[in-house]
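Quick note: residue numbers are just sequence positions, from 1. In listed order, ligands and their atoms are each counted from 1. Hydrogens, waters and symmetry mates are skipped; everything else that's a heavy atom, side chains included, is used. As the structure is a computational prediction, the values presented were derived from the model and not from experiment.
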Amino acid sequence: MIAFRLGALLSVAMLLGCAPADGPKTADRSATDDTTGTHQQERRRMVRTQIAARGVTDPQVLGALRAVPRHEFVPGAPATQAYQDRPLPIGHEQTISQPYIVASMTALAQVDSTGRVLEVGTGSGYQAAVLGAIADSVYTIEIIPELARSASKRLDRLGYGNVKVKTGDGYEGWAARAPYDAIVVTAAPEQIPPPLIRQLAEGGRMVIPVGPTGGPQQLMLVKKTEDGQIEKRRISAVRFVPFLEDAQ
Ligand code: SAH
């Protein structure tokens with residue numbers, strides 16, 4: 001039901017995921033604690049005005065967005081920019097998604113405290129940290145080695161011990177840790193990679209932007225039913241960076 005409601009809301013405006021960077025440019029893992037002790041006001045305001053106001057109601061998701069110190073994930077930008085309603089550059093022509101799309105994708109994935117989650121496209125590690133604040137364990141893959149290394153260090157430093165990062169091509173997923181209750185993909189392939197569908201648990205959900213670079217992309221919700229059937233639903237028009245093919 002959350003997905004349906006979000007779908008209706010999300011269609012109102014183009015969502016900026018890890019959008020191409022053409023625009024302006026801890027913590028305990030508990031979703032309610034903020035051991036950094038800074039920028040809490042900005043986070044509360046961000047959640048109230050950008051996320052709850054647009055219809056994301058899942059308390060776990062709102063709690064995670066209030067807890068994860070987003071400014072730590074965009075070291076090149078002033079802290080106040082980190083809490084604005086937009087994606088921001090994180091180097092290597094990649095971006096951290098707009099807070100609302102992180103919240104929306106997390107809500108669509110319906111992660112819970114027992115869940116095992118795969119993320120493709122670690123980037124700064126922010127989406128992984130949000131997932132890690134809710135789920136039991138998060139496995140995240142990044143194709144650009146420098147980004148994987150810096151995200152891994154950052155997540156360790158902030159205390160997200162349940163998030164594991166590896167460098168590689170997320171097209172293949174992370175078979176050794178499969179199956180996953182949820183898969184969140186934060187770069188847009190032209191087609192849904194079949195290995196990711198295989199690695200989804202029965203009853204699992206995948207949230208993935210699909211479409212050509214610079215062309216129309218759709219955020220899709222893919223469910224694997226308890227009897228292994230695949231159901232796909234279009235959620236909204238989005239704009240994400242392309243899914244890269246080769247490790248650089
Ligand atoms: N989720 C990130 C931002 C995502 S930007 C965050 O919260 O900061 C998209 C990321 O996907 C980029 O870092 C890009 O390098 C990565 N990426 C693109 N293609 C990939 C692939 N095939 N496998 C793994 N990562 C990929």
Side-chain angles (χ1 to χ4, degrees), residues 15-23 25-26 46 61 64-65 68-77 81-83 86-106 108-109 111 117-134 138-155 158 160 163-175 182-196 199 206-213 217 219 238-248:
L15 284 172
L16 297 175
C18 307
D22 59 358
K25 286 207 180 213
T26 136
M46 173 188 85
V61 176
L65 270 283
V68 178
R70 184 171 160 95
H71 62 282
E72 297 276 5
F73 293 81
V74 279
Q81 270 189 21
Y83 295 104
R86 62 186 198 187
L88 287 167
I90 56 170
H92 302 271
E93 300 178 359
Q94 306 302 324
T95 59
I96 180 173
S97 298
Q98 176 189 19
Y100 174 53
I101 198 156
V102 174
S104 303
M105 292 176 77
T106 308
L108 286 165
V111 174
V117 182
L118 174 69
E119 184 203 20
V120 175
T122 314
S124 69
Y126 178 68
Q127 170 78 75
V130 168
L131 292 165
I134 302 171
V138 177
Y139 297 90
T140 178
I141 309 173
E142 170 57 53
I143 202 166
I144 299 177
E146 292 84 352
L147 287 178
R149 263 197 300 277
S150 56
S152 180
K153 272 196 206 154
R154 177 179 293 127
L155 289 161
L158 296 172
Y160 292 94
V163 180
K164 303 286 177 248
V165 183
K166 85 167 181 182
T167 303
D169 184 352
Y171 185 94
E172 300 299 336
W174 191 330
I183 299 180
V184 174
V185 181
T186 65
E190 297 210 1
Q191 310 280 339
I192 300 172
L196 299 185
Q199 290 171 27
M206 170 159 47
V207 185
I208 180 169
V210 182
T213 307
Q217 297 174 354
L219 190 66
V238 285
R239 189 152 58 97
F240 277 76
V241 292
F243 202 86
L244 304 172
E245 279 177 20
D246 293 308
Q248 298 176 2

What do you reckon, does [X] have a nitrogen or oxygen under 3.5 Å from a nitrogen or oxygen of ligand 1?
{"X": "Ser97", "answer": "no"}
{"X": "Gly170", "answer": "yes"}
{"X": "Val120", "answer": "no"}
{"X": "Tyr171", "answer": "no"}

Among all protein heavy atoms in this structure, tell me which lies nearest to [atom], with the distance rounded to 0.1 Å.
{"atom": "atom 11 (O) of ligand 1", "result": "Gly121 CA, 3.2 Å"}
{"atom": "atom 22 (N) of ligand 1", "result": "Leu244 O, 2.7 Å"}
{"atom": "atom 7 (O) of ligand 1", "result": "Gln127 N, 3.0 Å"}
{"atom": "atom 5 (S) of ligand 1", "result": "Cys18 SG, 2.8 Å"}
{"atom": "atom 12 (C) of ligand 1", "result": "Gln94 OE1, 3.2 Å"}
{"atom": "atom 15 (O) of ligand 1", "result": "Glu142 OE2, 2.6 Å"}
{"atom": "atom 8 (O) of ligand 1", "result": "Ser124 OG, 2.6 Å"}
{"atom": "atom 26 (C) of ligand 1", "result": "Ile143 CG2, 3.6 Å"}

Think Arg70 forms a cation-pi with Tyr83, using NZ or CZ under 6.0 Å from the six-ring centre and within 45 degrees of its axis?
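Not flagged: Arg70 not positioned over aromatic ring of Tyr83.
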Donor-acceptor pair, [X] side chain versus [Y] backbone, under 3.5 Å?
{"X": "Gln199", "Y": "Trp174", "answer": "yes"}
{"X": "Thr140", "Y": "Gly121", "answer": "no"}
{"X": "Glu142", "Y": "Thr122", "answer": "yes"}
{"X": "Glu190", "Y": "Val210", "answer": "no"}

Within a strict 4.5 Å, meaning less than it, do heavy atoms of the [X] and [Y] side chains meet?
{"X": "Val68", "Y": "Phe73", "result": "yes"}
{"X": "Arg154", "Y": "Pro75", "result": "yes"}
{"X": "Glu119", "Y": "Thr186", "result": "yes"}
{"X": "Leu131", "Y": "Val163", "result": "no"}
{"X": "Val120", "Y": "Phe243", "result": "yes"}
{"X": "Val185", "Y": "Phe240", "result": "no"}

Measure from atom 2 (C) of ligand 1 to every heavy atom in Thr122, Thr95, Leu88 and give the option owning the shortest one.
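Going through Thr122, Thr95, Leu88 one by one, Thr122 has the nearest heavy atom to atom 2 (C) of ligand 1.
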Any Ala128 heavy atom less than 4.0 Å from ligand 1
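The answer is no, since Ala128 has no heavy atom less than 4.0 Å from ligand 1.
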Check contact between Glu245 and ligand 1, using heavy atoms of the residue and a distance below 4.0 angstrom.
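No, Glu245 has no heavy atom closer than 4.0 Å to ligand 1.
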Numbered atoms of ligand 1 (with element) below 4.0 Å of [X], judged on heavy atoms:
{"X": "Ala187", "answer": "11 (O), 18 (C)"}
{"X": "Glu119", "answer": "1 (N)"}
{"X": "Tyr126", "answer": "7 (O)"}
{"X": "Leu147", "answer": "13 (O)"}
{"X": "Ile141", "answer": "24 (C), 25 (N)"}
{"X": "Ile144", "answer": "15 (O)"}
{"X": "Gly168", "answer": "23 (N), 24 (C)"}
{"X": "Asp169", "answer": "21 (C), 22 (N), 23 (N)"}

Is there a donor in the side chain of Gln127 and an acceptor in the side chain of Thr106, or the other way round, less than 3.5 Å apart?
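A pair is found: one side chain offers a donor N or O, the other an acceptor, under 3.5 Å apart.
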Pro189, portion touching ligand 1 at heavy-atom distance under 4.0 Å:
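It is neither; nothing of Pro189 touches ligand 1.
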For residues Ala148 and Val165, report the shortest heavy-atom separation together with the two atoms involved.
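Scanning both residues, the minimum pair turns out to be O-CG1, 3.6 Å.
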Locate the shortest heavy-atom distance separating Val184 from Ala109; write the atom from each residue and the value.
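In this case the closest contact between Val184 and Ala109 is CG2-CB, 4.0 Å.
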